[in-house]
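A short write-up of the structure that comes next.
In this chain, residues are counted from 1 in sequence order.
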Amino acid sequence: MNRNIFGSFLFVSLIVVFGLMACSNKTDGGSEEDNDIISVTFWHSMSGENGTNFEEIVEEFNNQSDNIHIESVYQGSYTDLITKIRAMGNTDEAPAIIQASGTNRKYLAESDFVEPMQKFIDEEDFDTSQLEENALNRYVIEDTLYSMPFSTSNAVMYYNKDMFREVGLDPDNPPQTFSEIEDAAQKIKDATGNYGFTMATIGWYFEQLLANQGELYLDNDNGFSGEPTKSLVNEEAGQGIFQWLDNMNKAETFKNYGSDWEDPRAPFLAGQVGIYFDSSANIREVVKQAPFEIATAPLPVPDGVEPHGATVGGNSNYITNKVSEEEQKAAWEFIKYTVSPGVQAKWASVTGYFPVTKAANEEDVLKETYDEFPQMLTAVEVNNKTPAEPAMSGPLSDDGEQFRSIIEAAQEKVYEGEDPKKALDEAAEKINDLLK
């Protein structure tokens, strides 16, 4: 072959090869602009319909962001997620953002893989006054905010207004005290044969009933002014809660349906019970499913006690320090997005949580939701009246989930006939053992 022809053929071939390589690289790696995308992994516990709604928020953030992509990964329940975090240890496998409930806040704050949210707030001079004080206080330890609240809820009382009318109770004037609930439950039982009241055997409700009396769960201001050394659950306020439940259980105006969140809902929706406690996060769905008119009200207090309000439930988001500084900053951008008024209003409107951002209440989408589901306003009103006190932030301890299990086991014993004082004294001792 003529050398000139061969040289020309080789030159053209090389151009074609390099051209194909360039096309291949663009196909595999994206454009140069795409390669600048910062990927942020987020472990969360939002499932079911809430999970679908949450993924929409993530997708909307990704669509409006020029250089950040949030990869959300469902990790099971809050307990499942935190178990994985504990098992991970001091490794570089941690995601950039993790979502957790309030019971794990002390463990996470004292861990060596969380970057305090306060750092990003201070660096940017981010205005936290736009956020609900009670939501923030739950995650502040020694003047440092370790995580950003995202979903907030509290416990409220649900009741069947149709059943109230049927038995002669005022549907617009629900019971406000322990004795009033006992009386209402007895009237429902006498008139219909149904149970008057129930609540799932979940330790969170005991915490809420205690806090509503302004009472502490642990000494040293629930652990906020020093390491807690003693449980206060078996003092007068706690004993009153157990005695109240025992009274109705013995009168057969109360029924224990179980220890899962869903357990009391089906009997309530079937008209088999007139009053029950549930998280405010479930109001929208329960109201939609009910074949009767539902109303909500604040949790009751003992006679002669002024209601103090409710502890904040829900979850918050943490930024880890096991990723690059670039990923941390990208995570912070997403965290800010999650507490923007529009996002908080949308999240509250489709879930039943109430906003952590004050201005969200002025968004049209949430106003329209509250018009359709006025039952959701109970949680907002209770939160607005709740003072910023240690009693209203719940017990600060690594063992919060175990505390709840201990209280639940004590409640079960009472329902089976054990003396309320004995059951709660034993529970207090078990909690004290954990504090040692």
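- We find that K346 and E60 are joined by a salt bridge, their nearest charged nitrogen and carboxylate oxygen being less than 4.0 Å apart.
- The residues K367 and E362 are annotated as salt-bridged, a charged nitrogen and a carboxylate oxygen being separated by less than 4.0 angstrom.
- Taking a cutoff of 4.0 Å between a charged side-chain nitrogen and a carboxylate oxygen, K413 and E416 do not qualify as a salt bridge.
- Checked against F292 for a ring-ring contact (aromatic ring centres under 6.0 Å, His included), the options F268, F164, Y159 give a single hit: F268.
- At a cut-off of 3.5 Å, with distance as the only test, a side-chain donor of W347 or S151 sits close to an acceptor on the other residue.
- Between D246 and K250 there is a salt bridge, since a side-chain N of the basic residue sits under 4.0 Å from a carboxylate O of the acidic one.
- Taking 4.0 Å as the cut-off between side-chain N and carboxylate O, K436 and D433 count as a salt-bridged pair.
- Between Y74 and H44, the ring-plane angle classifies as tilted under the 30° and 60° cut-offs.
- Judged by distance alone, the side chain of N53 and the main-chain N or O of E49 form a donor-acceptor pair under 3.5 Å.
- Between the side chains of T201 and N256, at least one donor N or O sits under 3.5 Å from an acceptor N or O.
- No donor-acceptor pair closer than 3.5 Å links the side chain of D371 to the backbone N or O of E368.
- At distances below 3.5 Å, at least one donor-acceptor pair connects side-chain atoms of T386 with backbone N or O atoms of A310.
- D170 and R165 are not joined by a salt bridge, as no carboxylate oxygen comes within less than 4.0 angstrom of a charged side-chain nitrogen.
- Checked by atom type and distance alone, the side chain of N222 pairs as donor or acceptor with a backbone atom of Y217 at under 3.5 Å.
- A salt bridge does not link E372 to R284: none of the charged side-chain nitrogens sits closer than 4.0 Å to a carboxylate oxygen.
- Ion pairing between a basic and an acidic side chain is recognised when a charged N comes within 4.0 Å of a carboxylate O; D425 and K421 show such pairing.
- Within the 3.5 Å criterion, the main-chain N or O of V356 finds a donor-acceptor partner in the side chain of Q344.
- With respect to the salt-bridge test (charged N to carboxylate O, under 4.0 angstrom), the residues K106 and E110 qualify.
- Salt-bridge check for K336 with E333: passed, with a basic side-chain N closer than 4.0 Å to an acidic carboxylate O.
- Distance alone, capped at 3.5 Å, is enough to place a donor-acceptor pair between the D419 side chain and the K422 backbone.
- In summary, E408 and R404 do not engage in a salt bridge, as defined by a charged side-chain N under 4.0 Å from a carboxylate O.
- Between W332 and F126, the ring planes lie perpendicular to each other; the angle is over 60°, past the 30° to 60° tilted range.
- Checking side-chain atoms of S280 against main-chain N and O of N154 turns up a donor-acceptor pair under 3.5 Å.
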